[in-house]
Amino acid sequence: MSKTFLVSSMMLLALAAAPEPVLAQGFPAQPIRLISGGAAGGGWDLAARLLAERMKDDLGHAVIVDTRPGADGILAANAVAAAAPDGYTLLPAVTSVMIMNPVVHDKLSYEPLRDFEPISLVGIYPLVMAVNPAVPAKTLKELIALAKDQPGKLNYGSANSAYTFATEVFMQQTGASFYRIPYKGSAQTVTALVAGDVQVALIDAASALPQIKSGRIRALAVASPRRPSFLPDTPTMAEAGLSSYELMLWIGMFAPARTPHDVIARLHTSIERSLQVPEFRERLTNAGVLPMSTTPDELRDLVRRDLAQAREITKLVRMGAE
């Protein structure tokens with residue numbers, strides 16, 4: 001079975017706008033709140049804030065980001081699931097919230113397809129295998145060899161279940177062995193990598209880009225089909241010798257279940273319009289997020305497919321300690 005995970009099928013989606021929907025009359029009439037589970041400074045938080053800024057201009061009302069980090073995004077997801085289904089409380093959710101949490105947590109308080117209405121995908125962000133510069137590995141092959149020679153002696157940072165899963169898949173495929181150190185967010189993982197508290201991290205590009213560009217951490221490979229424009233000198237996993245590993249995570253927007261269809265349509269239109277603005281697309285791309293929108297139904301199908309695939313792959317992988 002292919003280990004390609006998450007959004008591989010989405011790369012084939014057309015980016016053309018969906019037919020113009022019937023807009024909700026009078027919506028919005030007050031500020032909209034995005035409850036984000038991403039820690040400040042991480043790729044999740046950054047994407048939510050950039051989108052909020054753009055949606056405010058389109059909707060004519062403030063769009064406020066309410067950050068509630070921790071617990072793999074469960075706190076934020078619970079808050080939105082319990083909110084009034086009126087379109088004024090939304091969840092910018094990443095892969096760990098909608099896909100990995102239901103797979104790795106036995107007793108989860110929410111169910112992605114039952115408790116939320118999909119609105120649109122916002123973007124995808126490839127993962128980067130990065131190391132502290134003190135690590136004597138200049139290539140991915142050298143890192144794998146080092147980890148095999150010294151099993152468990154290299155620490156890796158992990159912000160949530162998606163990063164843990166991604167790293168466990170990497171170790172299973174390569175035979176490398178790292179010891180997991182958990183962190184509350186991607187920004188904290190990058191800080192630990194710069195400080196040398198961990199030596200390795202499979203981290204989202206959005207969080208790691210500034211430190212990669214400054215040389216404070218070293219990027220060895222990017223888990224995407226092609227080199228992204230923001231990391232033109234970093235080889236893909238396939239170019240680095242690991243052709244079976246291709247992994248990108250995503251961020252999408254969700255509303256509480258039973259939110260009216262016309263409100264969902266208005267919010268979808270706002271995201272679609274935002275993602276068509278060249279300046280916004282450039283800002284998002286420069287931040288390490290590849291813009292991509294979907295219809296609500298396409299996002300629902302993506303969640304359904306990724307959940308099934310994650311459950312299948314998880315049977316083959318040993319998850320790290322929670």
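Keep in mind that the numbers below use all heavy atoms, side chains included, and drop hydrogens, waters and symmetry copies. Numbering of residues begins at 1 and proceeds along the displayed sequence.
The shortest side-chain heavy-atom distance between Phe280 and Thr285 does not fall under the 4.5 Å cut-off. Annotation: side chain of Phe254 is not in contact with side chain of Leu90 (no heavy-atom distance under 4.5 Å). Between Pro136 and Leu146 there is a side-chain heavy-atom pair separated by less than 4.5 Å. In this structure, the side chains of Ile119 and Pro296 stay at 4.5 Å or more apart for every pair of heavy atoms. Under the 4.5 Å side-chain criterion, counting only non-hydrogen atoms from C-beta, Tyr110 is in contact with Asn78. Considering only heavy atoms from C-beta on, Arg216 stays 4.5 Å or farther from Val190 through its side chain. Residues Leu299 and Thr295 have side chains not in contact (no heavy-atom distance under 4.5 Å, counting atoms from C-beta outward). Between Val198 and Phe178, the closest side-chain pair of non-hydrogen atoms is not below 4.5 Å.
The main-chain N or O of Val135 is never found under 3.5 Å from a side-chain atom of Gln199 such that the two would form a donor-acceptor pair. With hydrogens and angles ignored, the 3.5 Å screen pairs no side-chain donor or acceptor of Ser243 with any backbone N or O of Ala238. For the pair Arg68 (side chain) and Leu75 (backbone), a donor-acceptor distance under 3.5 Å is absent. No donor-acceptor pair under 3.5 Å is formed between the side chain of Gln150 and the backbone N or O of Lys153. Side-chain atoms of Arg33 do not come within 3.5 Å of backbone N or O of Ile64 as any donor-acceptor pair. In this structure, the side chain of Ser158 does not engage the main chain of Pro182 through any donor-acceptor pair within 3.5 Å. Judged by distance alone, the side chain of His268 and the main-chain N or O of Ser120 form no donor-acceptor pair under 3.5 Å.
Nearest heavy-atom pair, Met98 versus Pro112, reported as atom, atom and distance to 0.1 Å: O-CG, 3.2 Å. The two residues Ala137 and Val131 have their closest heavy-atom pair at O-CG2, 4.2 Å. The two atoms that bring Ile264 and Ala255 nearest to each other are CD1-CB, 3.8 Å, heavy atoms only. Here the closest heavy-atom approach between residue Val97 and residue Gly73 is recorded as CG2-CA, 4.0 Å. The shortest non-hydrogen separation linking Ser109 to Ile74 is OG-CG2, 4.1 Å. Heavy atoms only, all atoms of each residue included: Ala162 and Met100 are closest at CA-CG, 3.6 Å.
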Go through the steps for Leu127 and Val222 under the test side chain to side chain contact (heavy atoms under 4.5 Å, CB included), then give the verdict.
CA-CA 6 Å; Leu127 295 180; Val222 59; over 6 Å; no

Can you check side chain to side chain contact (heavy atoms under 4.5 Å, CB included) on Met237 and Met129, steps first, answer last?
CA-CA 9 Å; Met237 289 281 189; Met129 179 60 79; 4.1 Å; yes

Which is it for Asn132 and Ile217 under the side chain to side chain contact (heavy atoms under 4.5 Å, CB included) test, yes or no, and what are the steps along the way?
CA-CA 5 Å; Asn132 180 280; Ile217 60 177; 5.8 Å; no

Asp306 and Trp250: side chain to side chain contact (heavy atoms under 4.5 Å, CB included), yes or no, with the steps?
CA-CA 11 Å; Asp306 282 355; Trp250 50 258; 3.0 Å; yes

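A salt bridge links Glu117 with Arg300: the closest approach of a Lys/Arg side-chain nitrogen to an acidic carboxylate oxygen falls below 4.0 angstrom. Salt bridge status for Arg305 with Glu298: absent, with no side-chain N to carboxylate O gap under 4.0 Å. The residues Glu239 and Arg227 are annotated as salt-bridged, a charged nitrogen and a carboxylate oxygen being separated by less than 4.0 angstrom. Contact check on Asp45 versus Arg49 returns a salt bridge, with a Lys/Arg side-chain nitrogen under 4.0 Å from an Asp/Glu carboxylate oxygen.
For the 3.5 Å distance criterion, the side chains of Ser36 and Thr67 fail to qualify, holding no donor opposite an acceptor. Side chains of Asp204 and Trp44: no donor on one and acceptor on the other come within 3.5 Å. A donor-acceptor pair shorter than 3.5 Å cannot be found between the side chains of Ser96 and Asp72. A side-chain donor-acceptor contact under 3.5 Å links Ser270 and Asp58. For the residue pair Thr174 and Tyr245, no side-chain donor N or O sits within less than 3.5 Å of a side-chain acceptor on the partner.
Rounded to the nearest 0.5 angstrom, Leu121 CG and Glu272 CD are separated by 11.0 Å. The distance from the CG atom of Leu46 to the CD1 atom of Ile251 is 9.5 Å, given to the nearest 0.5 Å. Separating the CE atom in Met55 from the CZ atom in Arg273 is a distance of 11.5 Å, to the nearest 0.5 Å. Atom CG of Leu249 and atom OH of Tyr163 lie 6.0 Å apart (nearest 0.5 Å). With values rounded to the nearest 0.5 angstrom, Leu231 atom CG is found 5.0 Å from Leu209 atom CG. Going from atom CG of Leu284 over to atom CZ of Arg54 covers 12.5 Å, rounded to the nearest 0.5 Å.
Annotation: Tyr88 is in aromatic contact with Phe27 [ring centroid separation under 6.0 Å].
Summarising the local packing, CD of Gln30 is surrounded by more than 12 heavy atoms from other residues, nucleotides or ligands at distances under 6.0 Å. Crowding of Arg258 atom CZ: a count of heavy atoms from other residues, nucleotides or ligands under 6.0 Å not exceeding 12.
With Tyr156 as the partner, the side chain to side chain contact (heavy atoms under 4.5 Å, CB included) test is satisfied by one option alone out of Leu202, Thr164, Leu193: Thr164.
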